[in-house]
Peer 1: 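One structure follows; several queries about it will come next.
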Amino acid sequence: MASRFQAVALVASPSYPNSIAWSDDNFIAVASAHLVTILNPAVPYGPRGLIRVPTCEPYPIGCVNREDLFTNCMLPAALSRDRRPCVRSISWSPIGMAPNYGCLLAVCTVEGRVKIYRPPFCDFSAEWVEVVDISDRLYDYLAKINFGELDNTPSEFSHGQPIIQGCADERPKSCANDLPNSGTLKQYKRRKVNVTTYNIKDSETFQDQLSNPINRGSTTAGSDHENKIDRRRTTKVLGNCTLPLITAEIYASRCAMLSSLVIAWSPVLWLPSKICSAPENDSSNGFSILAVGGKSGKISIWRINVPQYYSIEHSRVPTTVTFVGLLQAHNSWVTTISLALLGSKSNPQVLLASGSSDGSVRIWIGKGEELLEPSGANNAPFSLLKEVVSVNCVPISVLSLAVPVQTMHKMLLAVGKGSGSFEVWTADISSSKFDKACLYDAHDCVVTGLAWAFDGCCLYSCGQENYVRAWVLHGSALCEVSIPSNTPGLRSSNDLPNVFVSCLGVAASPGNIALAMVRNVDGDSLDPMYEGRLQKAVVEFLWIGGQQKDILSPSSSDFTSEAFLGFSANELNCWESDILWYLTKYENLDNPLVVWDIVAALLAFKQSAPKYMDRILVKWLSVTFLGSYTGLSIGEVLTCIPENFSKITSRQLHLLNIICRRVILSDVKAEEINCKVNLGGSAAAKAEHLTLWIELLFSSEKELRERLVGFSLATFINRLSDSTTMFSRPGFWYPVGVEQMELWIALNHDHVRDQLKVLASEVRKHEIRLQSSEYGVEEQCIYCSESVTFDSPEVAHCHCPNSTDETVQIYQMARCAVSMQVCPAIPLWFCKCCCRRASKLPPETLFTLPGYPLDFKSLTESSVKEIPTKPLCPFCGIPLQRLQPDFLLSPSPV
């Protein structure tokens, strides 16, 4: 039996499949009843984020005659009584979609409403902030085209009133489906009595009742201001029932079109500038697709652009949302959707897999450039690739689509069914060859979760009967394997129940080293007064790094077959292979540098088996920085690495710095490390191996700083020679702090490369331009306005005289990690790894350098004039963020 290494309780129970999702920036979201709870797996018992789902008012789609109430198509709406809000589906966007470079969260409720939320990075609140209401946008579009119906002129209206589009704020008290949005229990009971004593002969109130669909709308921050005003103006008129009289079939069709069931995001598509000329509303040439499936069998396709610039000071960074079209995917409810990215960067394509309540599963493909243009109703830019499962009596519950990195055109699709079975399909998209790998009766109840891991090698499934299983794909067959039961370091967990009745979702961490699942607790086994009120469900975390698989060729092992800390030799080899695999995977710039799970696993092994951890790091360092594993000791490897820094990519240096700071020097405060690194001394180190690691960290960060300084100075010189160059728009980089960089070169004249000295001498030839406010200004203390001298790239000191006496007060101020200027008294970007701050963002080019440039001037001349910024730490490469108080939720990339 697998052992959890940490667990956390929830105050509400999930009810639908795929109720848990793990984001690219290391957040976990759980859909439970009327709440979405957001957790940080690094501190699961710490602060949480929250999304409360409100009740919503109905969309005014029309009303029907009394005699049509009991027709087949009207029964679901007429008999619906449960109006309590509940979350049905959640999905994280890729990283970089939020205004602060984080992830957006899309939420779909049982009422069919879909909204997008962002983290409250500047709001000092635990509750996440609504960005846009997708359902409102969909209703506006459908109302504009009259729901795609041919007859655009209704034959009659209730009470002879004209059609009025808007959202009613008041409804008749006799409405049968009217549960209170807010109010006292007495109001609720009075309305409940009205339901039971409803007079069916009252045709007017009966029509009012039928004008209340099961989909409800609300005015949101994402809606247009004009629509808000129009809806308020029509409130009183709608209270007197001014909706058009329509047939029962039309009413049911409109309800189905507005009733969303499931949502899913695609990875970000980056199109070349010559194809995507669209920086509209400050958007970039990158975008993600949000697919929303509904009861009508249609999938609405939405394009959400990546923000052109990021900010932590305010939330006014626009989010551009464009309706692309409607895809008639099935003839019944769309119950699950999964998307993946296929193809190269020059020709990206989107794969969309959809499952339905009629048992069918279809795979669609859409080209990147076709998704830029809106297609309209029933004409989404997706074409059917294959119907892998035809219509049958078993509904589809979950889908999981994966495209392995090793193969450009291979696709893996896992299909979970309501019968408890699941099947796996493999496909070669280039040849349109689809093969059914296997079909397994894995669970006794509905399959509620499927998650691929280890680049499509492993599949994890869970069912409503509370079983979680692991599978390994060998060719065209699946083999069940046990989930690793040993953990590298078992954390102390609070007393949480271990009696569960169902499992409603699994999710793998960004590094695929950990697995999270959400289980409903058996309330009958708990104390109803205490535990039963606060422990409705539990999120469990398992280590899966030691999973048996053939993802890499077997590596030689020095371990015997005897157990080591409870691990077998095979398990230790698996752990080693997994960590090395994903450290290599993160060298790909397309993968955000979020390595919490790998760092946590290495820290656990550091405490329990330090020699084993050293063995893993020696192998990684030898292969990455020396070219091969030659069996050198860790001291010899650390001594030889700095000689090859000029040939190492920036991403590899970032990974090295993270390992140094968060694993090896985890017991030392980051500020103390920064001071030691800045002074270049490691005499305070207590052990010889720590001395070598600190010297290695110093050399690595010095290499990255030289690249940043050289690129900035060369860009400054080239811009002076180009009279047409203008200063950048928001989201684009230009050199700042040139004077401070020149001073840094002078302070380290004997330790920097000759190319930087030459660039600094050329900069001095432009003293007049350098003194302008555009590139360099005289630095002043942010407390007393006294001038500040430059003596360190990390901090600045000011000796301010006290006005009351003759004493001198010393102020210490942080310097920007990018420009070396004194940071102003505004919200700053913060790195959770090295604890540096930045007021300016670094250029994106810095993170793509394959090594130390032979000529910075030629590099900047060949680059585009407008260089985008990237909210990443120039020394660690992890996403920057706004430093939050301890009582508020924030992500932990490391």
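Computation of the quantities below employed the complete heavy-atom set of this structure, encompassing side-chain atoms and omitting hydrogens, waters and symmetry-equivalent molecules.
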Peer 1: Are Leu142 and Met257 side-chain neighbours, meaning at least one heavy-atom pair lies under 4.5 Å?
Peer 2: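 The answer is yes, as the side chains (C-beta and beyond) meet within the 4.5 Å cut-off.
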
Peer 1: Indicate the atoms forming the closest heavy-atom contact of Val468 with Cys462, along with that distance.
Peer 2: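 Minimum heavy-atom separation between Val468 and Cys462: CG2-CB, 3.9 Å.
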
Peer 1: Looking at Arg303 and Val321, would you say the former's side chain and the latter's main chain have a donor-acceptor pair under 3.5 Å?
Peer 2: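 Between the backbone of Val321 and the side chain of Arg303 there is no qualifying donor-acceptor contact (under 3.5 Å).
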
Peer 1: Please check if the side chain of Asn512 supplies one atom and the backbone of Ala453 the other of a donor-acceptor pair under 3.5 Å.
Peer 2: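 Judged by distance alone, no pair lies under 3.5 Å.
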
Peer 1: Keeping the roles fixed (side chain from Ser509, backbone from Ile513), state whether a donor-acceptor pair exists under 3.5 Å.
Peer 2: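 It does hold such a pair.
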
Peer 1: Verify side-chain contact (heavy atoms from CB on, under 4.5 Å) between Ile28 and Ile38, making sure each step is shown before the conclusion.
Peer 2: CA-CA 5 Å; Ile28 288 180; Ile38 298 99; over 6 Å; no

Peer 1: Can you find a heavy atom in the side chain of Ile51 that is under 4.5 Å from one in the side chain of Leu35?
Peer 2: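 Contact flag for Ile51/Leu35 side chains = no.
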
Peer 1: Would you tell me whether Tyr59 and Asp136 have side-chain atoms, one donor and one acceptor, within less than 3.5 Å of each other?
Peer 2: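 Yes - a donor-acceptor pair under 3.5 Å links their side chains.
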
Peer 1: Kindly write out the residues that satisfy ring-ring contact (aromatic ring centres under 6.0 Å, His included) with Trp128, not counting sequence neighbours, or none if the list is empty.
Peer 2: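 Trp128 satisfies ring-ring contact (aromatic ring centres under 6.0 Å, His included) with Phe27, Trp92 once adjacent residues are dropped.
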
Peer 1: Show your working on side-chain contact (heavy atoms from CB on, under 4.5 Å) between Met97 and Ile304 and close with a plain yes or no.
Peer 2: CA-CA 8 Å; Met97 299 299 296; Ile304 293 88; 3.4 Å; yes

Peer 1: Who passes salt bridge (Lys or Arg N to Asp or Glu O under 4.0 Å) against Arg118, sequence neighbours left out?
Peer 2: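 Asp123.
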
Peer 1: For Asp435 and Thr426, indicate whether the former's side chain and the latter's backbone hold a donor-acceptor pair under 3.5 Å.
Peer 2: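 The answer is no, because no donor-acceptor pair under 3.5 Å joins these two groups.
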
Peer 1: I want to check something: taking the side chain as every heavy atom from C-beta on, are Thr319 and Val132 in contact at a cut-off of under 4.5 Å?
Peer 2: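 They are not in contact (no side-chain heavy atoms under 4.5 Å apart), so the answer is no.
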
Peer 1: With sequence neighbours left out, write down each residue that passes salt bridge (Lys or Arg N to Asp or Glu O under 4.0 Å) with Glu249, or none if nothing qualifies.
Peer 2: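 Testing Glu249 for salt bridge (Lys or Arg N to Asp or Glu O under 4.0 Å), a comparison that skips the adjacent residues, returns none.
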
Peer 1: Does the Gln547 side chain pair with the main chain of Ser482, one donor and one acceptor, at a distance under 3.5 Å?
Peer 2: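 Side chain of Gln547 to backbone of Ser482, a donor-acceptor pair under 3.5 Å: yes, one is there.
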
Peer 1: Sequence neighbours left out, what passes salt bridge (Lys or Arg N to Asp or Glu O under 4.0 Å) with Asp590? Give chain and number order.
Peer 2: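 Only Lys345 meet the salt bridge (Lys or Arg N to Asp or Glu O under 4.0 Å) criterion with Asp590.
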
Peer 1: Kindly say whether Glu67 contributes a backbone atom to a donor-acceptor pair with the side chain of Asn65 at under 3.5 angstrom?
Peer 2: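 Absent.
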
Peer 1: Which value, rounded to the nearest 0.5 Å, describes the distance between Ser259 atom OG and Trp333 atom CH2?
Peer 2: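 If I round to the nearest 0.5 Å, the distance is 8.0 Å.
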
Peer 1: Taking all heavy atoms of Ala248 and all of Thr71, pick out the closest pair and write down the distance.
Peer 2: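 Result for this residue pair: CB-OG1, 3.7 Å.
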
Peer 1: Do side-chain atoms of Thr448 reach the backbone of Cys503 as a donor and acceptor pair under 3.5 angstrom?
Peer 2: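 Such a contact is found between Thr448 side chain and Cys503 backbone.
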
Peer 1: Is a side-chain donor-acceptor pair under 3.5 Å present for Ser93 with Ser288?
Peer 2: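 No, no side-chain donor-acceptor pair sits under 3.5 Å.
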
Peer 1: Just list the side-chain donor-acceptor pairs under 3.5 Å for residues 395-404, sequence neighbours left out, or say none.
Peer 2:
residue: Ser397; atom: OG; partner: Gly416; partner atom: O; Å: 3.2
residue: Ser397; atom: OG; partner: Val447; partner atom: O; Å: 2.6

Peer 1: For Val262, what residues pass the side-chain contact (heavy atoms from CB on, under 4.5 Å) criterion, not counting sequence neighbours?
Peer 2: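 Checked Val262 against side-chain contact (heavy atoms from CB on, under 4.5 Å); matches are Ser89, Val334, Ile337.
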
Peer 1: Under the side chain to side chain donor-acceptor pair (under 3.5 Å) rule, what pairs show up with a residue in residues 436-445, not counting sequence neighbours?
Peer 2: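 Listed once each, the pairs are His443-Ser461, His443-Glu465.
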
Peer 1: As a quick check of understanding, evaluate side-chain contact (heavy atoms from CB on, under 4.5 Å) for Leu371 and Ile289, giving each step before the final call.
Peer 2: CA-CA 9 Å; Leu371 294 170; Ile289 294 298; 3.9 Å; yes

Peer 1: Which pair of non-hydrogen atoms, one from Gln328 and one from His330, has the smallest distance, and what is that distance?
Peer 2: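 That closest heavy-atom pairing would be NE2-O, 2.6 Å.
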
Peer 1: Taking Arg519 for the side chain and Val538 for the main chain, is one N or O donor matched with an acceptor at less than 3.5 Å?
Peer 2: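 Looks like no, no N/O pair under 3.5 Å.
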
Peer 1: Examine distances only and state if a side-chain atom of Asp133 and a backbone atom of Ser135 form a donor-acceptor pair shorter than 3.5 Å.
Peer 2: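 It does hold such a pair.
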
Peer 1: Taking the side chain as every heavy atom from C-beta outward, state whether Thr247 and Asp68 have any pair of such atoms under 4.5 Å apart.
Peer 2: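 Sidechains of Asp68 and Thr247: no contact.
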
Peer 1: Would you say OH of Tyr467 has more than 12 non-hydrogen atoms from neighbouring residues, nucleotides or ligands within 6.0 angstrom?
Peer 2: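 Counting other residues, nucleotides and ligands, OH of Tyr467 stays at 12 neighbours or fewer.
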
Peer 1: Would you check if Ile299 and Val292 make a side-chain contact, meaning some heavy-atom pair closer than 4.5 Å?
Peer 2: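 Answer no - side chains too far apart.
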
Peer 1: Which pair of non-hydrogen atoms, one from Cys445 and one from Gln464, has the smallest distance, and what is that distance?
Peer 2: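 Closest approach of Cys445 to Gln464: CB-CB, 3.8 Å.
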
Peer 1: Would you sort out whether Val415 and Phe422 count as a side-chain contact (heavy atoms from CB on, under 4.5 Å), showing the intermediate values?
Peer 2: CA-CA 5 Å; Val415 181; Phe422 73 87; 5.8 Å; no

Peer 1: Do Asn520 and Ser502 have side-chain N/O donor and acceptor atoms under 3.5 Å apart?
Peer 2: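 A pair is found: one side chain offers a donor N or O, the other an acceptor, under 3.5 Å apart.
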
Peer 1: Determine the minimum heavy-atom distance between Ser19 and Val518, stating which atoms define it.
Peer 2: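 Closest pair (atom of Ser19, atom of Val518, distance): CB-CG1, 4.3 Å.
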
Peer 1: Can the ring centres of Phe287 and Trp302 be said to be less than 6.0 Å apart?
Peer 2: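 No, the ring of Phe287 stays outside the 6.0 Å limit from the ring of Trp302, centre to centre.
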
Peer 1: Do Pro348 and Trp270 come close enough that some side-chain heavy atom pair is under 4.5 Å?
Peer 2: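 The answer is no, as the side chains (C-beta and beyond) never meet within the 4.5 Å cut-off.
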
Peer 1: What pairs of residues pass the ring-ring contact (aromatic ring centres under 6.0 Å, His included) test when at least one of them lies in residues 343-368, not counting sequence neighbours?
Peer 2: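 Found none.
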
Peer 1: Of all residues at least two apart in sequence or in a different chain, which pass the side-chain hydrogen bond (donor to acceptor under 3.5 Å, both in side chains) check with Glu387?
Peer 2: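 Scan of Glu387 (side-chain hydrogen bond (donor to acceptor under 3.5 Å, both in side chains), adjacent residues dropped) gives Arg362.
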
Peer 1: Indicate the atoms forming the closest heavy-atom contact of Val394 with Gly418, along with that distance.
Peer 2: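 Smallest heavy-atom distance, with atoms named: CG1-N, 4.0 Å.
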
Peer 1: Just jot down the side-chain hydrogen bond (donor to acceptor under 3.5 Å, both in side chains) partners of Asn591, sequence neighbours excluded, or say none.
Peer 2: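 Here no residue qualifies.
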
Peer 1: Identify, with sequence neighbours excluded, every residue that meets side-chain hydrogen bond (donor to acceptor under 3.5 Å, both in side chains) alongside Ser421.
Peer 2: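 Partners of Ser421 by the side-chain hydrogen bond (donor to acceptor under 3.5 Å, both in side chains) criterion, ordered by chain and then number, come out as Ser419.
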
Peer 1: Would you say the side chain of Cys458 lies within less than 4.5 Å of the side chain of Tyr460, judging by non-hydrogen atoms?
Peer 2: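 Yes. Closest side-chain heavy atoms under 4.5 Å.
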
Peer 1: I'd like to check the side-chain hydrogen bond (donor to acceptor under 3.5 Å, both in side chains) partners of Trp425; sequence neighbours left out, ordered by chain and number.
Peer 2: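 Once residues adjacent in sequence are excluded, the partners of Trp425 under the side-chain hydrogen bond (donor to acceptor under 3.5 Å, both in side chains) criterion are Glu423.
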
Peer 1: Are any non-hydrogen side-chain atoms of Leu261 and Lys295 less than 4.5 angstrom apart?
Peer 2: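 Counting from C-beta outward, Leu261 and Lys295 do come under 4.5 Å.
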
Peer 1: Using a 3.5 Å distance criterion without hydrogens, assess whether the side chain of Ser13 forms a donor-acceptor pair with backbone atoms of Lys536.
Peer 2: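 Checking the backbone N and O of Lys536 against the side chain of Ser13, a donor-acceptor pair under 3.5 Å is found.
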
